[in-house]
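Just so you know, these numbers come straight off a predicted model, no measurement behind them. Throughout, residue positions are numbered sequentially from 1 according to the sequence presented. Any value given below was found using the heavy atoms of this structure, including those in side chains, with hydrogens, waters and symmetry copies removed.
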Amino acid sequence: MVITVSSIKGGVGKSSVVILLANNLASRGHKVLVIDMDLNNSATLYYTAGLKDAETISERQNIMIALTQGRAEENIVKTKKENVFLIPSSLSLCDIRAIDFRVLKRTISNLEYDYVLIDTSPTYDNLVISSIYAADLVLSPVQFTKFNYNMTVFLMSKIMEEIPEAYEHTYILYNHWKQHHEKYTSGLQSDGKQIYDETFDNVLDVKLPDTPFVDHYTQEDVRLCVTSRDVGNSRLALGINSLVNQITGEESIVEVF
């Protein structure tokens, strides 16, 4: 299964969602490939940290080379996480933004992984279109701001117009959810949720919590645990488990990942 995480709004947690999903899936024993199509290369930095020659890996092996030369397998890097592999990002992606949107799907079609997760830049160009076109599932994380809503409307309309076959498996994912705000019937979060629910019919019934443990996990390598004494840690672990269960159809919990 190919899963693309996309949003035109930056800072909504695309890279974090990709990393959390990949690591949870890998902890369940699945073989996972992460493709970093984001110029910010957050996923690349996370997965190559601590590796030998980490600073130069993406110069020799990256998604730009894979796309332009059609050699995906040769650009795959074994990461520090068991069962997780990576095709790093490259700043040179900006030079091929008009590439044929079908090339990514062709390039990865023969790879043998249980799950392929694609991180994308916060924009809408042929690289993003190619990531959506290649996907079996598209997740679009959102926050409750007017700008994020407008950009979500734009992205969904573009997918419907230009990649209609992808819209049927595109879903909005509530991210940075503040559980302590649920008791308020009015306010930015409650009003925003109502607008999203009324506008879209593709909102997932999963809410990933707003917690500093997202940054602790992706930047400090703190592990998540469903039985952690820290509420933010356990809520995030349970939220990702719930999302993965919906994706895989499994009913299991990864205790620590």
Side-chain angles (χ1 to χ4, degrees), residues 1-7 12-38 42-43 46-47 78-87 108 111-120 131-132 134-143 166 168-179 196 200 202-219 221-228 230-257:
M1 174 182 278
V2 179
I3 304 171
T4 291
V5 180
S6 179
S7 171
V12 296
K14 293 187 299 297
S15 299
S16 298
V17 169
V18 166
I19 291 168
L20 288 161
L21 283 177
N23 291 353
N24 189 285
L25 285 164
S27 295
R28 296 173 185 233
H30 297 295
K31 186 180 179 184
V32 180
L33 174 66
V34 174
I35 301 178
D36 193 351
M37 297 275 285
D38 186 358
S42 299
Y46 171 82
Y47 281 115
K78 190 178 187 305
T79 76
K80 61 183 180 180
K81 294 289 185 179
E82 186 177 1
N83 291 334
V84 180
F85 299 81
L86 169 75
I87 300 182
I108 66 175
L111 297 179
E112 297 183 357
Y113 288 86
D114 299 319
Y115 291 91
V116 176
L117 280 81
I118 305 173
D119 193 11
T120 60
S131 300
I132 295 172
D136 301 301
L137 172 66
V138 180
L139 300 177
S140 185
V142 300
Q143 292 175 289
E168 296 181 2
H169 51 256
T170 297
Y171 296 91
I172 292 170
L173 172 65
Y174 288 151
N175 200 19
H176 299 291
W177 180 262
K178 296 179 172 61
Q179 190 165 358
Y196 274 104
F200 303 104
N202 59 343
V203 180
L204 280 179
D205 186 25
V206 176
K207 303 179 183 71
L208 300 184
D210 181 39
T211 167
F213 271 91
V214 173
D215 291 333
H216 295 332
Y217 188 82
T218 57
Q219 298 177 27
D221 231 11
V222 173
R223 302 188 77 184
L224 297 181
C225 176
V226 297
T227 57
S228 171
D230 189 284
V231 174
N233 185 309
S234 60
R235 281 179 179 166
L236 183 58
L238 288 168
I240 293 298
N241 271 294
S242 177
L243 178 57
V244 171
N245 283 348
Q246 287 201 23
I247 292 171
T248 61
E250 299 173 1
E251 287 297 334
S252 60
I253 296 291
V254 178
E255 291 287 337
V256 182
F257 61 97

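- In this structure, Asp221 and Lys80 have side chains that are in contact, with non-hydrogen atoms separated by less than 4.5 Å.
- Note that CG of Asn233 is 7.5 Å distant from OG1 of Thr211, once rounded to the nearest 0.5 Å.
- Within the 4.5 Å cutoff, the side chain of Val222 has no heavy atoms near those of the Tyr217 side chain.
- The shortest heavy-atom contact between Ala26 and Glu82 is CB-O, 3.5 Å.
- A cation-pi arrangement, defined by a distance under 6.0 Å to the six-membered ring centre and an angle within 45 degrees of its axis, is present between Lys31 and Tyr113.
- For the residue pair Ile118 and Val18, the shortest heavy atom distance occurs at O-CG2, 4.1 Å.
- Under the 4.5 Å side-chain criterion, counting only non-hydrogen atoms from C-beta, Asn241 is in contact with Arg28.
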- In sequence, state the C-alpha distance, the side-chain angles, and the governing distance for Thr248 and Leu25, and then conclude on side-chain contact (heavy atoms from CB on, under 4.5 Å). CA-CA 9 Å; Thr248 61; Leu25 285 164; 3.6 Å; yes
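- Between the side chains of Arg223 and Asn23, no donor N or O sits under 3.5 Å from an acceptor N or O.
- In terms of heavy atoms, Val206 sits closest to Gly239 at CG1-O, 3.9 Å.
- Nearest heavy-atom pair, Ile19 versus Ala43, reported as atom, atom and distance to 0.1 Å: CD1-CA, 4.2 Å.
- Using a 4.0 Å cut-off between charged nitrogen and carboxylate oxygen, Lys178 and Asp210 count as a salt-bridge pair.
- Taking all atoms of both residues into account, the shortest heavy-atom contact from Val226 to Val254 is CG1-O, 3.7 Å.
- The distance from the CG atom of Leu21 to the NE2 atom of His30 is 12.0 Å, given to the nearest 0.5 Å.
- Between Leu111 and Val116, every side-chain heavy-atom pair lies at or beyond the 4.5 Å cut-off.
- Taken from CG in Leu204 to CG in Leu173, the straight-line distance is 6.0 Å, to the nearest 0.5 Å.
- The CZ atom of Phe213 sits 9.0 Å away from the CG atom of Leu236 when rounded to the nearest 0.5 Å.
- Side chains of Thr120 and Asp38: no donor on one and acceptor on the other come within 3.5 Å.
- Under a cut-off of 6.0 angstrom, the local environment of CD in Glu250 is crowded, with over 12 non-hydrogen atoms contributed by other residues, nucleotides or ligands.
- With rounding to the nearest 0.5 angstrom, the CZ atom of Arg235 is 15.0 Å from the CD1 atom of Ile240.
- Using modelled atom types, no side-chain atom of Asp119 and backbone atom of Val34 make a donor-acceptor pair closer than 3.5 Å.
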Inset, instruction - Quick one: do Leu20 and Leu224 satisfy side-chain contact (heavy atoms from CB on, under 4.5 Å)? Show the steps, please. - result: CA-CA 10 Å; Leu20 288 161; Leu224 297 181; 3.6 Å; yes
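- Leu117 places none of its side-chain heavy atoms less than 4.5 Å from the side chain of Leu33.
- Side-chain contact between Val142 and Ser7: absent, with no pair of heavy atoms (C-beta onward) separated by less than 4.5 Å.
- Between Val84 and Ala22, the shortest heavy-atom contact is CG2-O, 4.0 Å.
- In this structure, the separation between OH on Tyr47 and CD1 on Ile87 is 13.5 Å, given to the nearest 0.5 Å.
- Between Thr4 and Leu137, the closest side-chain pair of non-hydrogen atoms is not below 4.5 Å.
- Under a 3.5 Å cut-off, the side chain of Ser234 and the backbone N or O of Val231 do form a donor-acceptor pair.
- Using cut-offs of 30° and 60° on the angle between ring planes, the pair Trp177 and Tyr174 is parallel.
- Remark: side-chain polar atoms of Ser242 are not paired, donor with acceptor, to backbone N or O of Leu238 under 3.5 angstrom.
- A heavy-atom distance below 4.5 Å is found between the side chains of Ile247 and Ile3.
- Side-chain atoms of Asn175 never come within 3.5 Å of backbone atoms of Pro141 as a donor-acceptor pair (strictly under, hydrogens ignored).
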